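First the structure, in the form of structure tokens, and then the observations on it.
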Amino acid sequence: MDEQYKIFVFKSTYLTFKAERALKGAHVACKVVTKPRDISSDCGLAIRVTALDEPAASKVMCDSGIASLGVW
Amino acid sequence: MIYIDNAATSHPKPESVYKRMDFVLRNASANPGRSGHRMAIEANRVIFESRESVARLFNIRHPERIIFTCNATAALNLALKGLLQPGDHCVTSDMEHNSMVRPLKFLSQQGVNVHRVQASREGSLDPDEISSAITCETRLIAVTHASNVIGTITPIADIIKTAHNKEVPVLIDAAQTAGSVPIDVEALDVDMLACPGHKGLFGPQGTGFLYLSPKINLNPTVFGGTGSRSDLDRMPDFLPDRYEAGTLNTPGIAGLGAGAEFISSEGIDIVRAHEKHMLSRLTGGLSGIPGVKIYGTKDLERRAAVVSFIIEGLDPAVIGDRLDTDFGIGVRVGIHCAPDAHKVIGSYPKGTVRMSPGYFTTSEDIDRAIWAVEAIASGRENHHYIPVSSPRPAFPRG
């Protein structure tokens, strides 16, 4: 895993895009990406932020009530 | 042509619907939820935004509980077949469309007991009668929000209250009201709401949805790929994926989202007021024509924008054909996929002529329709129409 980035994984695609909207609304740079295979065998999507932005991203999700399955 | 068949499918659509669909079909119609490239992700965003737009219009707190389907029929099938099991009891009415009647008939052959409450001659359902029909085996009350034949609006707030007092959920078929009559899902405490996308919501055909409250858990009725939890050989346990197997209709859902946004921006109360105005003008004009009989309630507060009528001595099919051929007016005739409702109002088996104005129907459209019916009823062949009402607004809006 590239240590410059952190990957937020969610239960559903719906939640992934809900998180993207919340992050963009809070001006936290993010990108929707395919879930890396070493995180999950699922073929779904995830959200990537820089390692530097991870605390801000976590706070946005917490404030928005969006539960992630974890951060890698 | 003058289109007065919005109860079948709305036409025209707001300009924003055409534009959104064109844009999505050209730029974002990769497979949503599957691939991870930019166009697929954009397709996903389109689906997400449309779900949010629909949720806003209906005041739905949990947008992920909106299940996109290909029409209201598919939504009703999912609700009924996903919930009812042999031995269960279901209360419904004799004003239902075949989209409710036929899956319930199928389920009754599988051992579900279906009880049909009788409506009045005006198509009204009495909440007390529905409450009286509930037994300890009742698993669901399934009713239309408004008759597709005569437009009578069902008092769903009272029915939901009385059903919830007995801990029975309610399925509302909003085929004739979604986008035309305000529905506040949270305030009404709706359990299940089935809607077409292509009628009052201004989406294209091939769209619709079923809303499920957090209290409702259905068995999936269609199984397949969702792009999520692909490692499992069963459907995911989370929504909306659990009930959305197979590739979604991305351009169609984009159009549905644009339609919902158009209504939110115009204001659904404005839409309802306009349709009521058209309804009033139409019923007022038709009722003055000798030989014309209008069915349903005269109380327009309790009526969606649907008018069924006959001309004594004339086959509705002939009237519909003449309206189209001689006057360029599109309506629907027959029994409108609701034979039992026609039995209730006394128009079975010939049926009626149904005119259903929409938000883009103008006063002049209505006046022309009244004039055409008057000409047909009086046997006149003269087709020279003299307009008497206000000019058409900019058209289409949006």
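Per chain, numbering begins at 1; letters A, B, ... match sequence-line order. Just so it is clear, the structure is predicted and the values come from calculations on it, not from any experiment.
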message: Between B/D22 and B/R20 (salt bridge meaning N to carboxylate O under 4.0 Å), is one present in this structure?
response: no
message: Could you check whether B/Y211 and B/F58 have their ring centres less than 6.0 Å apart?
response: no
Note, B/F68 side chain near B/L210 side chain (heavy atom, < 4.5 Å): no
Side chain / backbone / both / neither for A/K31 at chain B, heavy atoms under 4.5 Å: neither
- prompt: Which answer fits B/P63, side chain, backbone, both or neither, if we ask what part of it has an atom under 4.5 Å from a heavy atom of chain A?
  reply: both
- prompt: Do you know which of B/I41, B/D241, B/T226, B/L239 has the most heavy-atom pairs with chain A at a distance under 4.5 angstrom?
  reply: B/I41
message: Less than 4.0 angstrom from a charged side-chain N to a carboxylate O is my criterion; do B/D189 and B/K215 meet it?
response: yes
field: Side chain, backbone, both or neither of B/R38 within contact of chain A (heavy atoms, under 4.5 Å)
entry: neither
